[in-house]
2 protein chains.
Amino acid sequence: MKLSTKGRYGVKAMFDLAQHVGEGPTSLKSIAERQGISEHYLEQLISGLRKAGLVKSIRGAQGGYLLGREPDKIRIGDIIRVLEGPIAPTDCVSEEAPEICSKAEFCVTRTIWEKVRDSIADVLDSITLETMLEDAKKIESERSLYMYYI
Amino acid sequence: MKLSTKGRYGVKAMFDLAQHVGEGPTSLKSIAERQGISEHYLEQLISGLRKAGLVKSIRGAQGGYLLGREPDKIRIGDIIRVLEGPIAPTDCVSEEAPEICSKAEFCVTRTIWEKVRDSIADVLDSITLETMLEDAKKIESERSLYMYYI
DNA sequence: ACAAATCCCGAGTATTTTTATAAGATATAA
DNA sequence: TTATATCTTATAAAAATACTCGGGATTTGT
């Protein structure tokens with residue numbers, strides 16, 4: 001039940017882009033450096049995000065990447081689904097094209113995995129990049145408040 | 001974000017044992033046959049469950065396995081934790097011994113994984129083998145009702 | 001006492017997934 | 001035209017997964 005680095009790196013990279021909205025294209029290299037991720041590896045991940053329309057690319061010198069839409073229109077679930085595939089604790093309850101199982105109607109374990117799937121999807125779809133930006137702002141202000149009292 | 005066969009097979013096997021509570025020990029072979037799992041592989045999984053006290057074993061001819069406690073005292077989360085390890089979408093938010101990360105206090109992605117972890121744990125800890133037995137009974141009665149009207 | 005049934009344990013292996021690395025092609029700004 | 005980027009495809013090491021196998025220990029029934 002672990003997320004792979006694809007999902008984790010992908011969310012980090014998308015959040016990085018969100019933090020630079022309005023500053024023109026951000027190069028992969030700078031994202032990779034800030035987030036501590038292999039640039040070549042990130043390249044593969046962002047390729048999928050681009051095909052899914054979550055980011056836009058601008059080629060050539062001074063090029064880079066931009067968010068495909070406003071931060072409040074990009075849910076973490078959207079990112080995870082592109083990079084890790086449909087949310088599915090088991091194949092038989094995959095969000096898309098669940099593996100057909102002849103015992104599905106009687107299967108009691110199946111209903112458990114459905115609940116797990118839905119609870120994960122609910123969390124991931126309730127958080128957007130905008131939410132993350134707000135959280136980051138909150139943490140930052142709390143932090144400076146804390147520093148003030150020391 | 002997939003459960004491995006360990007978790008899935010383990011829950012199946014435990015549910016099978018729950019369905020035979022009060023009938024004396026159930027052999028691994030019969031569980032494996034009913035659930036369509038390799039016997040040797042299941043042996044490895046149940047060994048862990050035994051060490052965790054979730055099942056008791058009786059050796060020798062006519063031996064087999066029994067639930068370690070009442071079905072309503074065994075949560076699906078207990079089974080999953082034994083077979084798949086602590087619930088943790090990422091190492092940095094593992095239920096036990098989370099990997100230390102210097103950026104933890106400022107990390108916004110981390111709070112996402114915490115929410116995911118908690119939502120999974122909530123679901124898995126809210127369902128017991130007893131719950132599953134009740135669900136199975138319900139499905140069975142609905143099924144016979146349906147058959148009646150055909 | 002013995003055979004059959006059953007649990008117990010450790011080692012070995014094939015497959016798949018993960019996590020990259022690398023080389024070179026293509027596009028664009030300056 | 002050169003430097004800076006993205007884009008594409010291929011390769012591969014490392015780790016995890018999902019078994020498989022062989023033999024030993026324990027108990028029951030004959």
Side-chain angles (χ1 to χ4, degrees), chain A residues 1-10 12-13 17 20 23-33 35-68 80 83-86 88-91 99, chain B residues 1-13 17 20 23-68 80 83-86 88-91 99:
Chain A
M1 287 296 279
K2 282 241 178 64
L3 223 52
S4 75
T5 53
K6 287 181 197 166
R8 286 191 286 126
Y9 291 178
K12 275 189 173 195
L17 281 178
H20 294 88
E23 301 174 15
T26 308
S27 77
L28 208 56
K29 191 179 177 186
S30 68
I31 300 176
E33 271 170 12
Q35 304 297 332
I37 303 171
S38 144
E39 189 185 339
H40 277 296
Y41 188 43
L42 191 53
E43 209 163 44
Q44 288 175 24
L45 307 186
I46 211 153
S47 157
L49 295 170
R50 183 176 52 79
K51 281 166 191 161
L54 294 182
V55 301
K56 277 180 274 194
S57 65
I58 294 173
R59 300 180 71 166
Q62 269 60 52
Y65 293 90
L66 300 165
L67 287 186
I80 297 293
L83 295 171
E84 307 253 351
T90 67
D91 285 332
E99 199 176 70
Chain B
M1 287 295 279
K2 282 241 178 65
L3 223 53
S4 75
T5 54
K6 288 180 197 167
R8 285 190 287 127
Y9 291 177
V11 172
K12 275 189 172 194
L17 281 178
H20 295 89
E23 300 175 16
T26 307
S27 76
L28 205 56
K29 191 179 177 187
S30 68
I31 299 175
E33 271 169 13
R34 272 192 299 270
Q35 304 297 332
I37 302 171
S38 145
E39 192 184 338
H40 273 296
Y41 188 45
L42 189 54
E43 206 164 44
Q44 288 176 22
L45 307 186
I46 210 155
S47 156
L49 295 170
R50 184 176 52 79
K51 282 165 190 161
L54 295 183
V55 302
K56 278 180 275 194
S57 65
I58 295 172
R59 300 181 71 165
Q62 269 61 52
Y65 292 91
L66 300 166
L67 287 185
I80 296 293
L83 296 171
E84 307 254 352
T90 66
D91 285 331
E99 197 177 71

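What's counted below: heavy atoms across the whole structure, side chains too, no hydrogens, waters or symmetry copies.
Of the side-chain N and O atoms in A:R50, one or more sit less than 4.0 angstrom from OP1 or OP2 of D:dC7. For C:dC8, one of the phosphate oxygens OP1 or OP2 lies less than 4.0 angstrom from a side-chain nitrogen or oxygen of B:Y65. Residue A:S47 places none of its side-chain N or O atoms closer than 4.0 Å to OP1 or OP2 of D:dT6. Contact annotation: A:Y9 side-chain N/O to C:dT19 OP1/OP2 distance is not under 4.0 Å.
In this structure, A:H40 places its NE2 atom 16 Å from P of D:dT8, rounding to the nearest Å. Protein atom NZ of A:K29 is 14 Å distant from nucleotide atom C1' of D:dT6, rounded to whole Å. The distance between atom NZ of A:K51 and atom P of D:dT6, rounded to the nearest whole Å, is 15 Å. Atom C1' of nucleotide C:dT17 and atom CE of B:M1 are separated by 16 Å, given to the nearest angstrom. Distance B:I31 CD1 to C:dA5 P: 18 Å, rounded to the nearest Å. Following rounding to the nearest Å, B:L45 (CG) and C:dG10 (P) show an atom-to-atom distance of 16 Å. Between the CD1 atom of A:I37 and the C1' atom of C:dT18 there is a distance of 15 Å, rounded to whole Å. Atom CD in B:E33 sits roughly 10 Å away from atom P in C:dT6 (whole-Å rounding).
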Side-chain donor-acceptor contacts of residues 23-36 of chain B below 3.5 Å, not counting sequence neighbours, with atom names and distances?
residue: B:S27; atom: OG; partner: B:S30; partner atom: N; Å: 3.2
residue: B:S27; atom: OG; partner: B:S30; partner atom: OG; Å: 3.4
residue: B:S30; atom: OG; partner: B:S27; partner atom: O; Å: 2.8
residue: B:S30; atom: OG; partner: B:R34; partner atom: NH2; Å: 3.4
residue: B:R34; atom: NE; partner: B:D16; partner atom: OD1; Å: 3.3
residue: B:R34; atom: NE; partner: B:D16; partner atom: OD2; Å: 2.8
residue: B:R34; atom: NH2; partner: B:D16; partner atom: OD1; Å: 2.8
residue: B:Q35; atom: NE2; partner: B:D16; partner atom: OD2; Å: 2.7

Under 3.5 Å donor-acceptor pairs involving side-chain atoms of residues 43-59 of chain B, not counting sequence neighbours:
residue: B:S47; atom: OG; partner: B:K51; partner atom: NZ; Å: 3.4

Item to check | Criterion side chain to side chain contact (heavy atoms under 4.5 Å, CB included) on B:L83 and B:V11, from CA distance to verdict | outcome: CA-CA 9 Å; B:L83 296 171; B:V11 172; over 6 Å; no
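One axis for each end of the helix from C:dA1-D:dT30 to C:dA30-D:dT1, each built from five base pairs, and the angle between them comes to 10° at 10° resolution.
Taking a 4.0 Å limit (strictly below) on heavy-atom distances, residues 52-64 of chain B reaches DNA chain C at B:S57, B:I58, B:R59, B:G60, B:A61, B:Q62, B:G63, B:G64.
Backbone-only engagement by A:L28 is indicated by non-hydrogen atom pairs under 4.0 Å involving sugar-phosphate atoms exclusively.
Listed by chain and number, the residues in a side chain to side chain donor-acceptor pair (under 3.5 Å) with B:S4 are B:E84 (sequence neighbours excluded).
Distance check, rounded to the nearest 0.5 Å: CZ of B:R8 to CD1 of B:I80 gives 10.0 Å.
With hydrogens and angles left out, the side chain of B:E43 and the base of C:dC7 share no donor-acceptor pair within 3.5 Å.
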Any protein N or O atoms within reach of nucleotides 11-17 of chain D? Criterion: under 3.5 Å, listing atom names and distances.
none

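Summarising the geometry of A:T5 relative to A:Y41, their closest heavy-atom pair is OG1-OH, 3.1 Å, with the distance given to 0.1 Å.
At a threshold of 4.5 Å between non-hydrogen side-chain atoms, the residues A:E99 and A:T90 do not count as touching.
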